[in-house]
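Residue numbers count from 1 along this sequence. Keep in mind that the numbers below use all heavy atoms, side chains included, and drop hydrogens, waters and symmetry copies.
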Amino acid sequence: MKKKMLLLSVLLITLVVAGCGGNTKNSKSDDKPIAKSKVAEVQIEKGEYVIPFSEDGEGGSDTYIALQVKVKNKSKEQMYITADNFALYEKGEDEKINPITDYKSGFKTSEEGGKLSADKSLKLTILFNVKKDKEYSLNFATNSFDEDNKKDVELAVDQTQYKDSLKKLDEPKKALDAYMDVVFLNKENENYDNLVSTNSEEAIAEFKKAFNKVTKDYVVYNYKPTDDELTTLFKNYQETEAKRATIETKLLGNTGEKALVEVKFKGLSNDSIIDIIREYKEEYNDENDTYDSEKSEQYALTKYPEILEKSELGEPRNDIKVLLTKKDGKWDISMKSNVDASNENLLRAFTGNVD
């Protein structure tokens, strides 16, 4: 009987302790670290390694981590929350690590946050420069003047939870490589379906339209090729570009929702192609003892595959930095430029606008 009573007492104590576990100040909710104080509740909802980049195309490194944090105001007064309320501390070190707020592309840390009323929540993304092999704690400090409310909220940052994002950092580079293979070079690349959200048929049609315009307006402006002839020229161009061009890509930045990739390109040059076409035009006129610009250009185009093989390669006049944006879990690639990148320069390079 005494043994049964002792066992029952131990069981009751165990249940009481387990019931109190939900009130600890630093715990986890659905595997998301959470910590509380009298005035605030802080939870890390998401974390990922990123490579920030600036608007002028300057890239960072993969030593940055972006933490999406949710803050709930548990006090009776309004708070004002920004990234500056947060700091990281390396385990065993006293030095404060402040959030990064000077990168603008892909992050809006300086714009997030704001006024937070009592019993309300807000989310903001905070960027830190970290060492992957170190342990850190995230500290949240209020702006309260009340000494009782000044105590920091502290919770551990487990970097091992975010290691999968580190493996995915180079996906934008792979996505752009696949885009160039499929769209510009008519080559297969299994990464297209896996990583690229841009409709390949529409992208190829856009490229062909640009090629046709350059061909008719610049390369041969006296003879007007038929649609069938343009299609053949386009296929010849893609095939030769795939054999002769050299392309190198470098990831400059990846913030999860945006990415910037630099392209080094050396490929077919319209200027060189036109020079060789001129030689064939002269050959035609000499052999036929005539000067017929239209027929001589038509003749030259029959030598188009040979011209492409003979032509010198050139490099773009301007840097090529392509901005990719996340869409439906994959990367969307537009050939229109914007303030962050020069996507259109990539299309121009692949249509022969190189020196």
Side-chain angles (χ1 to χ4, degrees), residues 46-68 99-112 125-130 132 162 164-185 189 191-192 194-198 200 203 206-207 245-267 315-350 353-354:
K46 180 183 177 183
E48 60 182 342
Y49 287 102
V50 297
I51 304 176
F53 56 95
S54 62
E55 289 182 347
D56 61 4
E58 181 184 354
S61 66
D62 63 357
T63 59
Y64 292 83
I65 194 166
L67 300 176
Q68 187 183 90
I100 308 297
T101 58
D102 57 343
Y103 282 100
K104 297 180 181 179
S105 294
F107 287 103
K108 298 180 179 179
T109 53
S110 60
E111 301 174 19
E112 289 184 342
T125 302
I126 314 167
L127 184 66
F128 292 101
N129 194 348
V130 297
K132 299 191 191 75
Y162 316 130
D164 287 344
S165 66
L166 191 62
K167 299 175 183 177
K168 296 180 180 180
L169 276 178
D170 67 341
E171 285 188 351
K173 178 185 180 299
K174 293 179 180 178
L176 184 58
D177 288 339
Y179 180 94
M180 290 188 291
D181 279 349
V182 172
V183 175
F184 295 139
L185 305 177
N189 190 313
N191 283 330
Y192 199 101
N194 297 329
L195 300 177
V196 183
S197 65
T198 311
S200 60
E206 180 185 18
F207 174 43
T246 57
I247 307 164
E248 295 180 8
T249 52
K250 178 184 177 182
L251 181 67
L252 296 180
N254 180 359
T255 63
E257 295 301 318
K258 292 183 180 181
L260 192 69
V261 180
E262 182 179 44
V263 180
K264 297 294 185 182
F265 175 84
K266 189 173 184 179
E315 298 179 7
R317 301 176 182 92
N318 302 306
D319 293 339
I320 301 176
K321 296 177 180 178
V322 180
L323 182 73
L324 298 81
T325 55
K326 188 65 75 68
K327 181 181 179 182
D328 300 328
K330 300 180 182 181
W331 293 100
D332 184 54
I333 305 168
S334 168
M335 286 299 101
K336 295 181 180 179
S337 298
N338 55 50
V339 295
D340 292 323
S342 52
N343 296 24
E344 193 173 352
N345 287 345
L346 184 65
L347 180 61
R348 290 166 60 84
F350 271 100
N353 191 6
V354 295

Exercise for review: Could you please spell out the steps behind the side chain to side chain contact (heavy atoms under 4.5 Å, CB included) verdict for V50 and N254?
Suggested key: CA-CA 6 Å; V50 297; N254 180 359; over 6 Å; no
Point to revise | side chain to side chain contact (heavy atoms under 4.5 Å, CB included) between M180 and L346, worked out | key: CA-CA 9 Å; M180 290 188 291; L346 184 65; 4.0 Å; yes
Point to revise | Side-chain donor or acceptor of K266 paired with backbone N/O of I247 under 3.5 Å | key: no
**Study point:** Under 3.5 Å: donor-acceptor pair, side chain of T325, backbone of K258
**Key:** no
Point to revise | For E171, side chain to side chain contact (heavy atoms under 4.5 Å, CB included) partners two or more places apart | key: K168, L195, W331
Point to revise | side chain to side chain contact (heavy atoms under 4.5 Å, CB included) between V322 and L260, intermediate numbers included | key: CA-CA 6 Å; V322 180; L260 192 69; 6.0 Å; no
Review point. Considering only heavy atoms from C-beta outward, does the side chain of I51 approach that of T255 to under 4.5 Å?
Key: no
Review point. Who passes salt bridge (Lys or Arg N to Asp or Glu O under 4.0 Å) against D332, sequence neighbours left out?
Key: none
Practice item. Mind running side chain to side chain donor-acceptor pair (under 3.5 Å) on R317 and N353 for me, showing each step along the way? Key: CA-CA 8 Å; R317 301 176 182 92; N353 191 6; 2.2 Å; yes
Point to revise | Exercise: identify the closest heavy-atom pair between L252 and F53 | key: O-CB, 4.2 Å
Practice item. Calculate, to the nearest 0.5 Å, the distance between atoms CG and CG belonging to D177 and L185 respectively. Key: 10.5 Å
Point to revise | Heavy-atom closest pair, residues G267 and F265 | key: N-CE2, 3.5 Å
Point to revise | Side-chain (S342) to main-chain (D319) donor-acceptor, under 3.5 angstrom | key: yes
Check your understanding: How far does CG of L127 sit from CD1 of I100, to the nearest 0.5 angstrom?
Key -> 6.0 Å
Practice item. Kindly say whether D328 contributes a backbone atom to a donor-acceptor pair with the side chain of S197 at under 3.5 angstrom? Key: no
Check your understanding: Looking only at atom types and distance, does a side-chain atom of Y192 sit under 3.5 Å from a main-chain N or O of T198, one as donor and one as acceptor?
Key -> yes
Review point. Is the backbone of K174 close enough, under 3.5 Å, to the side chain of N191 for a donor and an acceptor to pair up by distance?
Key: no
Study note, to complete from the structure: Note: A349 and I320 closest approach over all heavy atoms is CB-CD1, 3.9 Å
Exercise for review: Could you tell me whether the side chain of Y179 reaches within less than 4.5 Å of the side chain of M335, counting heavy atoms only?
Suggested key: yes
Practice item. Please name the pair of heavy atoms, one in G47 and one in L67, separated by the smallest distance, quoted to 0.1 Å. Key: CA-CD2, 4.1 Å
Practice item. Taking all heavy atoms of P172 and all of L324, pick out the closest pair and write down the distance. Key: O-CD2, 3.6 Å
Check your understanding: Crowded around K46 NZ? As in, over 12 foreign heavy atoms under 6.0 Å?
Key -> no
Revision key, fill the gap. So CD1 of I126 and CD of Q68: to nearest 0.5 Å the spacing works out to 10.0 Å
Review point. Between the side chain of N129 and the main-chain N/O of Y64, is any donor-acceptor distance below 3.5 Å?
Key: no
Check your understanding: Is there a side chain to side chain contact (heavy atoms under 4.5 Å, CB included) between E248 and K250 once you walk through the steps?
Key -> CA-CA 7 Å; E248 295 180 8; K250 178 184 177 182; over 6 Å; no
Check your understanding: Which value, rounded to the nearest 0.5 Å, describes the distance between S334 atom OG and L347 atom CG?
Key -> 10.0 Å
Check your understanding: Roughly how far apart are R348 CZ and N318 CG, rounded to 0.5 Å?
Key -> 7.5 Å
Exercise for review: Identify the heavy atoms of V261 and T249 that sit nearest to each other, and give their distance.
Suggested key: CG1-CB, 4.0 Å
Review point. Using 30° and 60° as the class limits, which term best fits the ring planes of F207 and F184: parallel, tilted or perpendicular?
Key: perpendicular
